[in-house]
Amino acid sequence: MNSFQRRGALLAALACVLVGGSFTANGALVDYPHAGGQGLRYGIAFVLLALLTLRSAGDTAVRLRALTGRQWLRLAVLAATGMVGFNLAVLAAEGSAEPAVPGVLVGCAPIVVAVLVPLLAGRRPSRAVLAGALLVAGGAFAVQGWGGSDTAGLLWSVAALAGEVAFAVVAARLVGPLGPRLLSTCVCGFAAVEAGLLGLLLDGRAALRLPDTGEAVALGWQAVVATVIGFVCWYAGMQRIGAERATLFSGLIPVSAALTAPLVGVGTFGPGRLAGSLLVAAGVAVGSGMLARRAPGERTGALTGRAAEARPAVSASRRG
């Protein structure tokens, strides 16, 4: 793994740690309208990201004009499945299943992505990545444990797994043409509209209400930290190390949640969770290539990676 890829791994890890920490804040949003809350979260994130993209308005306009109709459709699908659909599926699953059930199934996403992404690209799955994904999934299970559920809870948990997989697989062909920041801006815009419309359809005017202090803090954390910072870091990491390796770091989400929960008095971090965390770390190290020896051309590889990232958006969009 060269320095360019190591930065990608660190960015992916940071994103997942931030998202995991946001799970602890979810407890403050139990009574807040779910779809409306997601619409507000992504709407705030879209505004903040749009302000950042205005700094390079010319490049942004070029990239957006180069997108095909199919790529715009992918953006809408990514927002609907990997963002709005995923969050609502997790909330629905927790209505009839213990939180660990969707958590364990979503923890299997690295295995699915490790197989699916290479097959869609016409190549064989990497043994190292697949082995790392199995370790990560096992570690996530050890951290979260297993809980009771009925059929509906299991089905919604499977839907959440599908959303998590879509968040990586669908984005894999969009991060090149758009770049991490603009991709995050576009999908947040789509997600805000989709969640807002769904909230109005399901809850009417009650879809949005003035949040109390705790809800406002939780929504602010989700919008600014988990979405604006987390998404940009996640897609920047994916751009450098690929979707299947980046998804390995999603195993850090339950670890981060388990570490932060005791800080607010909602859980403990015992030997079982420690063992699971170490297993996740081992899986990430094995699958991401961190343990591989440095190649003689590492410095050249890093330069090549930077050059690929800096290619004009028009030529990059042809791959979509």
Side-chain angles (χ1 to χ4, degrees), residues 16 18-46 73-109 112-113 144 147 149-171 184 186-209 211 215-216 218-223 225-228 230-231 234 247 250 253-254 257:
C16 293
L18 293 177
V19 171
S22 73
F23 279 14
T24 304
N26 287 348
L29 298 173
V30 172
D31 298 323
Y32 197 80
H34 295 329
Q38 293 301 311
L40 182 59
R41 165 194 178 179
Y42 291 124
I44 295 172
F46 170 74
L73 179 60
R74 285 196 186 113
L75 286 168
V77 170
L78 174 59
T81 57
M83 297 165 64
V84 178
F86 169 79
N87 288 314
L88 294 181
V90 169
L91 291 170
E94 292 180 352
S96 58
E98 294 183 21
V101 177
V104 168
L105 286 178
V106 170
C108 295
V112 180
V113 174
Q144 298 172 109
S149 175
D150 58 11
T151 302
L154 285 174
L155 291 176
W156 280 117
S157 298
V158 172
L161 169 60
E164 179 72 6
V165 171
F167 190 64
V169 174
V170 179
S184 299
C186 290
V187 292
C188 283
F190 272 109
V193 173
E194 293 167 355
L197 291 175
L198 185 60
L200 290 175
L201 179 64
L202 296 176
D203 303 319
R205 293 183 178 180
L208 280 179
R209 62 169 173 80
E215 291 168 341
L219 285 170
W221 174 278
Q222 286 191 340
V225 179
T227 305
V228 174
F231 278 27
W234 170 256
T247 308
S250 65
I253 294 176

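The first residue in the sequence is number 1, and the count goes up from there.
Of all heavy-atom pairs spanning Ala192 and Gly39, the tightest one is CB-O, 3.8 Å. Nearest heavy atoms, Gly36 versus Leu208: O-CD2, 3.3 Å. The minimum heavy-atom distance between Phe86 and Ala160, with the atom names listed, is CD1-O, 3.1 Å. In this structure, Arg41 and Ala226 approach most closely via the heavy-atom pair NH2-CB, 4.1 Å. In plain terms, the two heavy atoms of Pro211 and Ala216 that are nearest each other are CB-N, 3.9 Å. When all heavy atoms of Leu78 and Ala166 are compared, the closest pair comes out as CD1-O, 3.7 Å.
Separating the CZ atom in Arg209 from the CG atom in Leu40 is a distance of 11.0 Å, to the nearest 0.5 Å. The structure places CH2 of Trp221 at 6.5 Å from CG of Leu18, a figure rounded to the nearest 0.5 Å. Separation of atoms CG (Asp203) and CG (Leu198) is listed at 8.5 Å; rounding is to 0.5 Å. Atoms CD and CG, from Glu215 and Asp31 in turn, are 7.0 Å apart once rounded to the nearest 0.5 Å.
Note: Trp234 and Phe167 have parallel aromatic rings, judged against thresholds of 30 and 60 degrees for the angle between ring planes.
Annotation: side chain of Leu219 is in contact with side chain of Tyr32 (closest heavy-atom distance under 4.5 Å). Under the 4.5 Å side-chain criterion, counting only non-hydrogen atoms from C-beta, Cys188 is in contact with Thr227. The closest side-chain heavy-atom distance from Leu197 to Leu201 is not below 4.5 Å. For the pair Tyr42 and Glu194, the minimum side-chain heavy-atom distance is 4.5 Å or more.
Take Phe46 and apply the ring pair (Phe, Tyr, Trp, His ring centres under 6.0 Å) test, not counting sequence neighbours, and it matches no residue.
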May I have the step-by-step check of side-chain contact (heavy atoms from CB on, under 4.5 Å) for Val84 and Leu88, ending in yes or no?
CA-CA 6 Å; Val84 178; Leu88 294 181; 3.8 Å; yes
